[in-house]
Each structure stands twice: as C-alpha cells, then as structure tokens.
Number of protein chains: 2
Amino acid sequence: MVSIKDVADQAQVAVGTVSNVLNNPDRVAEKTRERVLNVISELGFVRNDAARQLRAGLSRTIGLIVLDVSNPFFSSLARAAEDRAAESDSTVLLGDSCHDVGREGRYLDVFEQQRVKGVLISPVGNIDSRLEQLRAHGVPVVLVDRVDPQRRVSSVSVDDVAGGYMAVKHMLTRGRRRIAFIGASTDIQQVADRLTGAQQAVAEYPDAELEVVEAAAMTVLAGRAAGELLAERGRGGLPDGIFCANDLLAIGVMQAVLLIRGLRIPEDLALIGYDDIDFAQSAVVPLSTVRRPTELMGRTAVELLLEAIDRTAAESRQVIFQPELVTRGSTL
Amino acid sequence: MVSIKDVADQAQVAVGTVSNVLNNPDRVAEKTRERVLNVISELGFVRNDAARQLRAGLSRTIGLIVLDVSNPFFSSLARAAEDRAAESDSTVLLGDSCHDVGREGRYLDVFEQQRVKGVLISPVGNIDSRLEQLRAHGVPVVLVDRVDPQRRVSSVSVDDVAGGYMAVKHMLTRGRRRIAFIGASTDIQQVADRLTGAQQAVAEYPDAELEVVEAAAMTVLAGRAAGELLAERGRGGLPDGIFCANDLLAIGVMQAVLLIRGLRIPEDLALIGYDDIDFAQSAVVPLSTVRRPTELMGRTAVELLLEAIDRTAAESRQVIFQPELVTRGSTL
DNA sequence: ACGTGCTAATGAATCGATTCAATATCTGAT
DNA sequence: ATCAGATATTGAATCGATTCATTAGCACGT
C-alpha cells in the first residue's frame, strides 16, 4: 500500500510537502506541486482517511439513518441530503433501520466509532436514552420528521396539522360535506396530526361531518380493504369526500371504489392522499395529494447539522415546513 | 474525548490490557476485565475506529453502491446485504449513485479512502477503468446485477433470458398467440436479454407471433403511453398477451387498456410484468410477474465479497440466479 | 557585502488503538 | 524453599497523515 512517505521519497521532497500539496496547494511552489502530483498518480496513491482523521480530528462524513429506504419520501430526502453535503464536501453514509431498534443502534455505534461529523436520524420509537448518549459524547444530531419535545437538538419536520387541514378544506370548498378520514392508528404522531387538521377544517362548516375509519396499516392493501368496507354500504351510504393519511392508502381506496358500478371519481366521490409519491400522478385517476417539501427537508437537515457542528454550544432550532396542496383529477 | 489511555489510568492497568479487554477478553483475568469494563462505561469510552484501523489495518465496513435506492429491487437487496454482513460483523455503508457517473465516482473515492473491506457495486454504464483502478489498489469488488465480460471480478446476476422465456412461455401455454413485448431501449442489457428469452419462447410455437413496442422509459407513465397507443387500434388489432420488461410498465399498460370499454384482463388480454414489486400484487388486477431472488442476491453478493477478501488471489465466480414465475389474476 | 523580508521546504512530534516481546505473578509439584 | 510452567500484565514501537516551529533559499535595497 502506497503511503505519503513513498510519494515523498519518489518525488524527493519531505512528507510535509506532500501533505501541503494535498491540503494547502498554494503554499507549495508550482514546480514542486506538479512533480508531487505526478508521482501521486504514478504510484496510485490514495490518502488513508483513518490516519488523516486520527491526526487532524476531522471527518468528512455525515451519518443518515432512515426508517425505510424503500419509502420514496426517505429516498428522495436522502438524495437531497447527499447533494447538499457534497456542496460542503462531505459525504452522506446511509443506514436503513427498517423500523428496527437493533439496526438503528448498530448504525449509531458504527457512526460514533467512525467519528462522523454528525448524525441525521429519523428515529424508531423513543430514542431519548440514545440521544442523551450521543449528546454526552458530543456528536451533533438533527432529527428528521420528528421533533424533540425537550428541544435539545435541532429538527426538520412538517406541519401535518396544516396538511390535514388543507386537504379537507380543499374538498369542503368544492362543496363536499360528508367527509371520511382513513388512516392507521393515531398512535403514530403524524397520523394523529393529520386527523386533527381534518377536524379543524370540518369544524368551520356547521353542515359538514367527519367520519374516521381506521385502516390496518398504511399500505395499498389496507386501503383497498377499507374501501371495500365502505363500498358495502351501497352508493347512498358513501361519503362524498375521502382524505387518506397517505397516498398508498388512497390508491387502495381508489381501486376498491372504482369497482362500484357507475361510481365516478371525482364526480360522485372526491379523494385526496398525502405525500405525493410518484404513483399519485400515475394512478388510474390522477390523485390529489398534500406534498411535503422533501428535497428542502433533506438540504435543511444537513444545514442544521453543519450549524450544530460549527458552534457546538449554540441553541437548537426546530424548522417546521408547510406542506403544499397538489390538486389533480381526483378532486377536480 | 475519552481515549484508551484515560481508561487505563482510571482502571490502574496498562493500555495493552484495555485493548485486550476489547479484543481478546479471554486473555484478561476476570476481575481485571470487569474493572476495566466498568471504567469504560463510566467514562463513556467509544473506540476510535480511525486509530484501530490505522494500526490493525482492518476495516469492518463494506461499501455498497446502487443505481437507485428508491427502486424496490435495490432497497430490498441492500437490506439483505446488511443482514448478511451483520452476521460476519461488518456494516454496509450505502451509497446511491442515481445513475450518475459523478456520484458513483465520489462514493468509490470515499470508500477507497476509508479503506473499506470491499465494494459491492451495481455500476453506471461502463466502469472498466474504475474496475481496473480498484483492482490495482487491491480493493475487492463484486458486481451486482451485471457481469464482467472479462471475468476479472465476481458477480451476482439473474438469467434474464430465462426470465423472458418463462414469462412468454406461460402465456403461450395458456393459449395466447399474438404476443407483444414492451420495453425501453434494448441498449440496456437486461431489457435485451428479456426480449431474447421472449423470442425463444415464441419460436417454439409456429403459429405464434411477437411484436416489439419500444417505450420511452421504464416507468408507469411510459407504460400508459404505450398502452394508449395500442388501444387506438381498437379491440381487433390488439395482441392477446403482453409481456412488459418491468412491473411499472405493466401497471401503466394495465391502466390504459382497462379504459377500453368492455375489455377484460385476463379474459381478452393477458398481462405479465417483471420484478414483483409490492405494487404488482395490489394492482387493480393482481399482476403476474417474474420475480428475481432479491434477498438471496444481496446475501450472496456479500458472501462472494468475503470470499474475495479472504483469498485475494483466487479466481472470480459468476453466480447467476434463476428467476421465478409468479402467476396472479392478470394471466389466469 | 550585508541585512531585511519573503516564500518554500523540512522533519520531528502527534493523534489513539494494537501488537508483541519482555516481565511479573501465581500454581503446584518436588 | 525452589523451580518449571502457565497465566496475566506491561509498555514501547507502530500505523500514516497533519501540524508547526524551524531552517533554507532567494530577491532586493543600501
């Protein structure tokens, strides 16, 4: 393995000079620099990051732990975070916790041992003790899609109450009055918030009513099951507007209700989802939805982390983004 | 920052002993070990991986670069790779190249500098020169979903010719004779292979014919466009079986043709996709498809890499998996 | 010729964990 | 009491890049 010393010998300079060529090129005379660079590519020298980090104490990597890489929300967030990090020439190392505390813990351990600059994490359940440990060890952390009630660390998240409000308000202004909310257990904070927003909107219209349907999960299949349950009531008993807690549910509901003879979306039933995943616009009837500013969240998360790294003692910041209504065929 | 020396001082032992507690616990007397472990958790000591790696030369991480984390094929492959790596207590660091050569190169650089044990990569286009460089630097590599024609490195991939064959053969045995293949450009090796397999199957039936339709991309929208093009011909001009080069295309095609009045899937038109993504089984009509053994591929890729790491000079191995036919409502 | 001021290059000390030859300590047998 | 042999512990040397105080080299003015 080629080391900086081999390069120095071959180029007839001191090791310090080679180091300067790499890190402070303008301190080295042009001629020398060229000579060294030539030797570097000749020998195929690759800087040993372990040694660099050990001595300099600085790391160029950021750890990112997401709940599920196959969820488009997280994958596009991760992509944006990578882009932003690259601009401050850092690299994002991605870990997928799969909603599993054990995996999450393993990644946190590895990231700590590797002395990453900081960690972005969308935590599984309660991570109070882990948070405390990371803080004790001085590892900067930023929460993603979650806030720390105690405001110890910075976070980026979305105002889901506002999102739920705008989804339902949208259908109400279009004349719908019998609204249904379909979501999984309100144990999930995000689902609870979206429902709260829905309730606020309905409360503004005395003649409107809101029905809550609990689905088994946040998947297409669970959505279809919920839709079939509604369909059994016959056309008379149906709501005229449905708000689903995410797009997958909405797509499932759409599949189920479209099988009802003669029922049309949006004429007879308006339908709106949440997240704006790719499938939303390519559904049989293009799906209206509430979009979260995913890219912006990814970029901002990195920026908050860089901030936290720079001035360690500074106060934390909670950035909450407003979601955006996307109207398509399903609510026209 | 707490170092091994601080631990040694506090526990009144030599640094070597602390190191042994961490790496060769059985060489240390029980009493001493306990004392040291207590001090470690008291002080919150976390091993500095940079120093460990620098001296010991060993790394516990594997780099994985995929084309697109949001593609379910890659995300589930990554998950399986992580599981397998964890069993040999290594960790997978995931990089997303987004089909971009620049990103791919950046991740390769970072992984080399971090001296990962090895790299798993699903390469963007031609990576001959990069491969050569990695080999020159002694970094073990395993290709994923791609083979090296020169067999320099090991690889895991799928027999897409067989996959195309079984998809079309399946429809032929169900009595279909006017088959259409819908895929993006055959510049993509995988698409070309699936078409070859389709042609082989059709060749076995003298009265069968195969039509090739080129879609703009491998997405739902492109599939829908292709489906609408077919639909314009009217019911008489339609094929009776369609094989799409992936599930997204098939879902788009399904959306388009279901809008044709009175046309039924599978009675009038059989449809089969490729990949078995989650959406396949939850489509309006559950979609038959060809499944690739994703988890097995991920695990195997890690195993080939570990092999390559152990005996550096050994010959490479090309593992090619057979895909599996999954029949659902769309071809019954 | 000499001093001043500047740029360029040097190389030893350093980061923290691991390794291993050397040493200390203990056990049990004689 | 002594010694062989096993077991436990020690601590200096090491990995490779960075840092920085020091030295070398050079140009210019007097």
Side-chain angles (χ1 to χ4, degrees), chain A residues 1-37 39-40 43-61 89 109-110 112-117 137-139, chain B residues 1-37 39-40 43-61 89 109-110 112-117 137-139:
Chain A
M1 192 92 278
V2 184
S3 84
I4 207 174
K5 175 135 199 314
D6 302 320
V7 174
D9 290 352
Q10 180 79 16
Q12 315 231 41
V13 293
V15 290
T17 304
V18 178
S19 177
N20 278 330
V21 168
L22 294 171
N23 304 301
N24 310 89
D26 42 342
R27 279 196 211 153
V28 180
E30 170 118 18
K31 255 186 97 173
T32 319
R33 198 189 324 146
E34 268 182 25
R35 186 152 38 96
V36 171
L37 287 174
V39 173
I40 283 177
L43 301 185
F45 164 78
V46 175
R47 183 212 264 101
N48 184 326
D49 214 50
R52 170 209 192 54
Q53 196 185 121
L54 176 58
R55 175 64 237 244
L58 57 78
S59 154
R60 318 201 80 60
T61 57
D89 54 16
D109 286 341
V110 173
E112 255 202 272
Q113 289 176 16
Q114 297 214 340
R115 301 288 194 270
V116 295
K117 285 163 79 158
H137 294 174
V139 181
Chain B
M1 192 91 280
V2 184
S3 85
I4 207 175
K5 174 134 199 317
D6 302 320
V7 175
D9 290 351
Q10 181 80 16
Q12 314 231 44
V13 293
V15 290
T17 303
V18 179
S19 177
N20 278 330
V21 168
L22 294 172
N23 303 301
N24 310 89
D26 42 343
R27 278 196 212 153
V28 181
E30 169 119 17
K31 256 187 96 171
T32 319
R33 197 188 325 147
E34 267 180 28
R35 186 153 37 95
V36 171
L37 287 174
V39 173
I40 284 178
L43 301 184
F45 164 78
V46 176
R47 183 211 263 101
N48 184 327
D49 214 50
R52 169 209 194 52
Q53 197 186 120
L54 176 57
R55 176 63 237 245
L58 57 78
S59 154
R60 317 202 79 61
T61 57
D89 54 15
D109 285 341
V110 173
E112 255 202 272
Q113 289 176 15
Q114 297 214 340
R115 301 288 193 270
V116 295
K117 285 164 79 157
H137 293 173
V139 181

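Per chain, numbering begins at 1; letters A, B, ... match sequence-line order.
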Check [X] against [Y] and note the closest heavy-atom contact, atom names and distance.
X         : Y        : result
Val21(A)  : Pro25(A) : O-CG, 3.6 Å
Ile4(B)   : Phe45(B) : N-CE1, 3.6 Å
Arg47(A)  : Arg52(A) : NE-NH1, 2.8 Å
His137(A) : Gly44(B) : NE2-O, 3.1 Å

(message) Please compare Arg47(A) and Arg35(B) by the position of their nearest nucleotide in DNA chain D and report the one closer to 5'.
(response) Arg35(B)
(message) When you compare the side chain of Ser3(B) with that of Asn48(B), does any pair of heavy atoms fall below 4.5 Å?
(response) no
(message) Among residues 3-32 of chain B, which ones have heavy-atom contacts with DNA chain C below 4.0 Å?
(response) Ser3(B), Ile4(B), Gly16(B), Ser19(B), Asn23(B)
(request) For the pair Asp89(A) and Arg60(A), find out whether any cationic side-chain nitrogen is under 4.0 Å from an anionic carboxylate oxygen. (result) yes
(request) Go through the structure and list residues passing side-chain hydrogen bond (donor to acceptor under 3.5 Å, both in side chains) with Thr32(A), not counting sequence neighbours. (result) none
(request) Give me the first and last nucleotide of DNA chain D, going 5' to 3', that has any atom under 4.0 Å from a heavy atom of chain B. (result) dA8(D) to dG16(D)
(request) Identify which one of Val36(B), Val28(B), Leu37(B), Asp9(B) satisfies the side chain to side chain contact (heavy atoms under 4.5 Å, CB included) criterion when paired with Val18(B). (result) Val36(B)
